Amino acid sequence: GQQVMQIPQYQHVQEGEDFTTYCNSSTTLSNIQWYKQRPGGHPVFLIQLVKSGEVKKQKRLTFQFGEAKKNSSLHITATQTTDVGTYFCVPHSGGGADGLTFGKGTHLIIQP
Amino acid sequence: NAGVMQNPRHLVRRRGQEARLRCSPMKGHSHVYWYRQLPEEGLKFMVYLQKENIIDESGMPKERFSAEFPKEGPSILRIQQVVRGDSAAYFCASSPGWNYGYTFGSGTRLTVV
């Protein structure tokens, strides 16, 4: 599968602060998916981005797909303790013949 | 809709025994994926199956590991002659097609003693 670099690997924020994680690829992506995994839990699908320059919002979460379809970001406004977990950006090759490759993600730690 | 069901939730095996992990995909989902996660590590893709077919097994160790998704019944991940290094969380996911998000099960935590 395709590879992306996700930064930062760890992010500590105070509750109420904003948080952003970035995903970069050296090649053009067909689409990109975002997942969240809480400590001790399983990954949960959040969203899929397909179109160049796409911006999608889910309450306090804003997802963006770059114009060149080589980068993506997830921004969380006013973090809450329920946002704790690991966020994964997962590139999709569009070929349909392979499973998704998950990287190490960004671990979000929130201090109350 | 019960979601993706995995069992058992926890499995303890002695070295050399066999481990069988089961996964029932969501209703209507014909694509099944298995992942392994070591503590503090990301998810490692193992195998992608559709009914009675292995589509991609590029992440599957060549020895001791096998997977199937029969026409009837759950998908099975089988680990023969387990070793301590096999201790991990094994997650199964399903999707209705290749261009959809995955729905994950709660995982099976395998401990080899």
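By convention in this document, chain letters (A, B, ...) are assigned in the order of the sequence lines, proteins followed by strands, and residues within each chain are numbered from 1. Treat the numbers as computed from the prediction; the structure is a model and nothing was measured.
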In one Ile/Leu/Val/Met/Phe/Trp/Tyr side-chain cluster, 4.5 Å: [X], [Y]:
{"X": "B:Ile79", "Y": "B:Val47", "value": "yes"}
{"X": "B:Met5", "Y": "B:Leu21", "value": "no"}
{"X": "B:Tyr90", "Y": "B:Ile76", "value": "no"}
{"X": "B:Val112", "Y": "B:Phe65", "value": "yes"}
{"X": "B:Phe91", "Y": "A:Val90", "value": "yes"}

Which portion of B:Gln37 sits near chain A, non-hydrogen atoms under 4.5 angstrom: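 Only the side chain of B:Gln37 comes within 4.5 Å of chain A.
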
Residue selection (most heavy-atom pairs with chain A, distance under 4.5 Å) from B:Tyr35, B:Tyr33, B:Tyr100: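 Highest number of pairs under 4.5 Å: B:Tyr35.
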
Residue-level contacts of residues 104-112 of chain A with chain B, using a heavy-atom cutoff under 4.5 Å: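 Interface residues of residues 104-112 of chain A: A:Lys104.
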
Contacts with chain B made by residues 46-69 of chain A (heavy-atom distance under 4.5 Å), listed by residue number: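 Those residues of residues 46-69 of chain A which have a heavy atom under 4.5 Å from chain B are A:Gln48.
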
Proximity of residues 80-88 of chain B to chain A, residues having a non-hydrogen atom under 4.5 angstrom: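 So far as heavy atoms go, nothing in residues 80-88 of chain B approaches chain A to under 4.5 Å.
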
Interface residues of residues 102-110 of chain B facing chain A - heavy atom cut-off under 4.5 Å: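 Against chain A, the residues of residues 102-110 of chain B that fall inside the cut-off (heavy atoms, under 4.5 Å) are B:Tyr102, B:Phe104, B:Gly105, B:Ser106, B:Arg109.
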
Short side-chain to backbone donor-acceptor contact, A:Gln37 and B:Gly42, under 3.5 Å: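 No; zero donor-acceptor contacts below 3.5 Å.
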
Nearest atoms (heavy-atom pairs only) where A:Pro43 meets B:Leu43: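 Taking A:Pro43 first and B:Leu43 second, the nearest heavy atoms are CG-CD1, 3.4 Å.
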
Within 6.0 Å of CD in B:Glu63, more than 12 heavy atoms from elsewhere: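 Counting neighbours around CD of B:Glu63, 12 or fewer heavy atoms of other residues, nucleotides or ligands fall under 6.0 Å, so no.
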
Atom pair CG/OH of A:Leu100 and B:Tyr48 - distance to nearest 0.5 Å: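 That separation rounds to 9.5 Å.
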
Worked verdict on A:Phe102 versus B:Phe45 for ring pair (Phe, Tyr, Trp, His ring centres under 6.0 Å): CA-CA 8 Å; A:Phe102 284 70; B:Phe45 168 75; 9.7 Å; no

